[in-house]
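Input: a single structure, listed below in structure tokens.
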Amino acid sequence: MTIMADSIPFDRLERLLDDESIPVVHRALWLLLWESDVRVLDLLAIDVAEVARIRPAPERPLGKRADGLLDRLIGDRVAGPLFAVGPRALSWDEAVRAARAHGHAVHAFRTSGRQHR
């Protein structure tokens, strides 16, 4: 599959987020990259107990959709990696492969979100 240009249009993001065949761990990562401007590796390193680190300033809160995906991602967990695949953290390589499988570079979600804001 060919990697698309560095910019991801909002309607493309919406289609990806609506695609229930994509695991929630990836959709949540992509949306949080888009909305929060936190770097990929910083997001992947966040523990469930540290979710407040990704919340932006009060004047730019995360949207309802991001909050909903976070709720699904966390479930009833109180500890462990936020972006978990089973008992372990989602790896950089897995994040890159999943984004690439859908035609994008993983960092493009962050840069596109910044352009959109």
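The closest side-chain heavy-atom distance from His26 to Leu90 is below 4.5 Å. Side-chain contact between Asp19 and Arg15 is absent, with no heavy-atom pair separated by less than 4.5 Å. Using a 4.5 Å cut-off on side-chain heavy atoms (C-beta onward), Trp34 and Leu17 make no contact. Put simply, the side chain of Val40 reaches to within 4.5 Å of the side chain of Trp92, judged on heavy atoms. No side-chain heavy atom of Val25 sits under 4.5 Å from any side-chain heavy atom of Glu94. Between Leu32 and Leu70, the closest side-chain pair of non-hydrogen atoms falls below 4.5 Å. Using a 4.5 Å heavy-atom cutoff, the side chains of Arg27 and Arg65 are not in contact.
Shown here for Ala28 and Leu73, the closest heavy-atom pair between the two residues is CB-CD2, 3.9 Å. Minimum heavy-atom separation, Glu50 to Ala45: OE1-O, 4.1 Å. Considering every non-hydrogen atom in both Ala89 and Leu44, the closest pair reads CB-O, 4.5 Å.
Under the 6.0 Å cut-off for aromatic ring centres, Trp30 and His102 qualify, their centroids lying closer than that.
Annotation: Arg39, atom CZ; neighbour count of heavy atoms from other residues, nucleotides and ligands within 6.0 Å does not exceed 12.
Under the 4.5 Å side-chain contact rule for hydrophobic residues, Leu41 and Leu43 share a cluster.
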